[in-house]
Amino acid sequence: MTQSKQKTEDAAGSQSRRSFLGQTLAGTAALSLGGMLPGFSPKSYARILGANERIQVGMMGVNSRGLALASNFALQPNCEIRSVSDVDTRAADKCITTVEGIQKSKPKAVPDFRKALEDKDLDALVVAAPDHWHAPAAILASKAGKHVYLEKPCSHNPNEGEILVAAAKKYKNVIQMGNQRRSWPNVAAGVRAVRDGVIGRAYFAKGWYTNNRPSIGVGKETAVPSWLNYDLWQGPAPRMAFKDNLLHYNWHWFWHWGTGEALNNGTHMLDLMRWGLNVEYPNRVTSSGGRYRYKDDWETPDTQVINLEFANNTGMTWEGRSCNGRTIEGSSVGVIFYGDTGSLQIDGGNAYRIYDLENKLVKEVKNDVVINARDRMNPSQVLDAIHIQNFFDGIKKGTALNADILSGHQSTLLCQLGNIALRSGGTLEIDPTNGHIKNNRQAQQYWKRDYQRGWEPTV
């Protein structure tokens, strides 16, 4: 067989598999509820749905959140994790073992995700690497013709977010951002109730996140561990020396790689607030805060308040406290919408409460997710599986995404503008048509970042 003929048949086979994938999975609408229907069993369904008809997924970044995502994707009967990519060999080995125990087939270890993207049978890439990798990896996957499930935030800086949106438009792939609460049934119902006027005209929203994180200390430059490909970990970021207090979580608190608590956890709540108030870009942003609790290497604020005003006479505020766990409104994370006839509160779970102007509870919707023991999923996995299945429906049926990349960029940008306001020390006047900063050279320097030569993301 000639090489050209082999390539033609390989391409035809791949196309045939993808066509069959769409036809076979089109009838599995029940899975959009993540296996919550009575009597549903992923194990039994997997016997019907062959491995070649499942959506083939590659994982990038599997140390913490990525491992949780890998477990949940592996639990989906219409999915098979095909490859695992991580710069930490220990994390990769653990994830491969975990996934193999769930789906009964062993994914390949592909340390460099760019190699995984060369696989013609790979349908989608799940990106759960550190923030500085989110947009660059998603853009490379888009160029490779892959769909993307992208953890929040969708970008490290606003310029990256705009490039990512342009890439999705150009390559016409499906990119779902990990704002999973948009798929949680009761959260979505609560937001719809706000938009439908259950509390009158909603004019203000407050969101928050609290934790009691310890000090990260003062790091020392040391040799890179044998299990770590530190050069690939840095990827698009200009090179900096390895320190012993950087990995695997503390990178969140360094501007060079991370984006602080505002994007680490604030993205979820600012997204819900933006959704409920039905707004896109603000016209004014201010922020106050700093690294108050400890004197250490932590650069981003551990205490921060972001205020955003919008052209339709509405506003929102987000408060983040990384190092003091005192709750707000009885919850460590949440959102309250205020209207002219009442308020509606959504805490961290799949539930909401409505109060009148006299602070009387008038309605409470509790988490009513039904867990089927045969599904092997815990309550959180069942809820997040709805988001995953919405992503799959976007791939196989063209279903509208609950958290498409434009929406994800708009919500991520709110957090980024808050950080820029804090770092530049002033009020930001914003163009409400596109979110761009107006007439502020000092703030504008934070709109984009420098990259390691050769790693600049492009459409």
Side-chain angles (χ1 to χ4, degrees), residues 152 178-212 261-280 282 287 289 303-310 312-322 324-369 379-380 382-384 386-387 402-403 407 410-412 414-415 418:
K152 54 77 194 163
N179 275 343
Q180 62 269 17
R181 286 174 177 80
R182 283 197 173 230
S183 293
W184 293 7
N186 292 340
V187 170
V191 170
R192 284 196 302 270
V194 171
R195 294 179 61 155
D196 289 345
V198 71
I199 58 172
R201 186 182 77 87
Y203 54 81
F204 188 74
K206 177 179 73 174
W208 64 90
Y209 175 83
T210 66
N211 204 335
N212 188 27
E261 202 74 84
L263 284 93
N264 184 37
N265 278 293
T267 306
H268 289 301
M269 297 304 108
L270 281 156
D271 179 64
L272 291 182
M273 290 189 283
R274 192 181 66 77
W275 187 20
L277 293 180
N278 195 23
V279 294
E280 293 183 350
S287 182
T303 305
Q304 185 177 15
V305 175
I306 298 174
N307 298 302
L308 304 108
E309 299 174 27
F310 297 83
N312 62 347
N313 196 31
T314 63
M316 64 177 71
T317 186
W318 177 81
E319 178 181 351
R321 282 184 283 106
S322 300
N324 188 308
R326 176 60 180 167
T327 60
I328 297 175
E329 301 289 349
S331 179
S332 62
V333 58
V335 165
I336 299 181
F337 295 95
Y338 299 94
D340 51 25
T341 64
S343 60
L344 186 148
Q345 180 171 339
I346 300 172
D347 293 329
N350 181 43
Y352 67 91
R353 300 187 298 276
I354 300 175
Y355 298 87
D356 64 18
L357 292 179
E358 303 299 322
N359 207 34
K360 178 183 177 182
L361 179 65
V362 296
K363 183 177 181 179
E364 181 172 13
V365 175
K366 297 182 178 180
N367 183 15
D368 55 0
V369 171
S380 177
V382 170
L383 287 169
D384 289 355
I386 306 172
H387 203 53
N402 293 338
S407 171
Q410 290 171 334
S411 295
T412 298
L414 298 186
C415 310

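These values consider heavy atoms only, across backbone and side chains, with no hydrogens, waters or symmetry-generated copies. Along the sequence shown, residues carry numbers from 1.
- Taking each heavy atom of L272 and F337 in turn, the nearest pair found is O-CZ, 3.4 Å.
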Can K363 and L344 be said to form a side chain to side chain contact (heavy atoms under 4.5 Å, CB included), step by step?
CA-CA 9 Å; K363 183 177 181 179; L344 186 148; over 6 Å; no
Going through the checks in order, is the side chain to side chain contact (heavy atoms under 4.5 Å, CB included) test met by L270 and M316?
CA-CA 8 Å; L270 281 156; M316 64 177 71; 3.7 Å; yes
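- Between the side chain of N186 and the backbone N or O of K366 there is at least one donor-acceptor pair closer than 3.5 Å.
- Side-chain atoms of K206 and Y338, non-hydrogen and from C-beta on, do get closer than 4.5 Å to each other.
- Summarising the geometry of P185 relative to I386, their closest heavy-atom pair is CD-CD1, 3.7 Å, with the distance given to 0.1 Å.
- Of the possible polar contacts, none joining the R181 side chain to the D271 backbone as a donor-acceptor pair under 3.5 Å is found.
- R195 places no side-chain N or O within donor-acceptor distance of the main-chain N or O of A202, the cut-off being under 3.5 Å.
- Interatomic distance, I346 CD1 to M269 CE, rounded to the nearest 0.5 Å: 8.0 Å.
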Please report the C-alpha distance between R353 and V365 in whole Å, then the side-chain angles of each, then the deciding distance to 0.1 Å, and finally whether the side chain to side chain contact (heavy atoms under 4.5 Å, CB included) criterion is met.
CA-CA 6 Å; R353 300 187 298 276; V365 175; over 6 Å; no
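- Interatomic distance, I328 CD1 to D347 CG, rounded to the nearest 0.5 Å: 11.5 Å.
- In D196, the CG atom is crowded: over 12 heavy atoms of neighbouring residues, nucleotides or ligands sit closer than 6.0 Å.
- Between L263 and T267, the shortest heavy-atom contact is O-OG1, 2.7 Å.
- Using modelled atom types and a 3.5 Å distance limit, the side chains of N307 and W318 yield no donor-acceptor pair.
- Note that CG of D356 is 12.0 Å distant from CD1 of I199, once rounded to the nearest 0.5 Å.
- Interatomic distance, S332 OG to R326 CZ, rounded to the nearest 0.5 Å: 12.0 Å.
- Considering CD of Q304 and SG of C415, their distance stands at 9.0 Å, rounded to 0.5 Å.
- Here the rule is side-chain hydrogen bond (donor to acceptor under 3.5 Å, both in side chains) with W184, and of D384, N350, N402 only D384 fits it.
- Between atom CD1 of residue I336 and atom OG1 of residue T317 there is a gap of 12.0 Å, rounded to the nearest 0.5 Å.
- Side-chain N or O atoms of S287 include one that pairs as donor or acceptor with a backbone N or O of V305 at under 3.5 Å.
- In this structure the side chain of K152 never reaches within 4.5 angstrom of the side chain of S411, judged on heavy atoms.
- Here the closest heavy-atom approach between residue L277 and residue A205 is recorded as CD1-CB, 4.0 Å.
- For the residue pair R201 and N312, the shortest heavy atom distance occurs at NH1-O, 3.9 Å.
- I354 has its side chain within reach of V198: a pair of non-hydrogen atoms, C-beta onward, lies under 4.5 Å apart.
- With contacts defined as side-chain heavy-atom distances shorter than 4.5 Å, the pair V335/Q345 does not qualify.
- R274 places a side-chain N or O within donor-acceptor distance of the main-chain N or O of V279, the cut-off being under 3.5 Å.
- When all heavy atoms of N212 and G325 are compared, the closest pair comes out as CB-N, 4.0 Å.
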Set out, in order, the CA-CA distance, both residues' side-chain angles and the distance that settles side chain to side chain contact (heavy atoms under 4.5 Å, CB included) for T327 and W208, then state yes or no.
CA-CA 9 Å; T327 60; W208 64 90; 6.0 Å; no
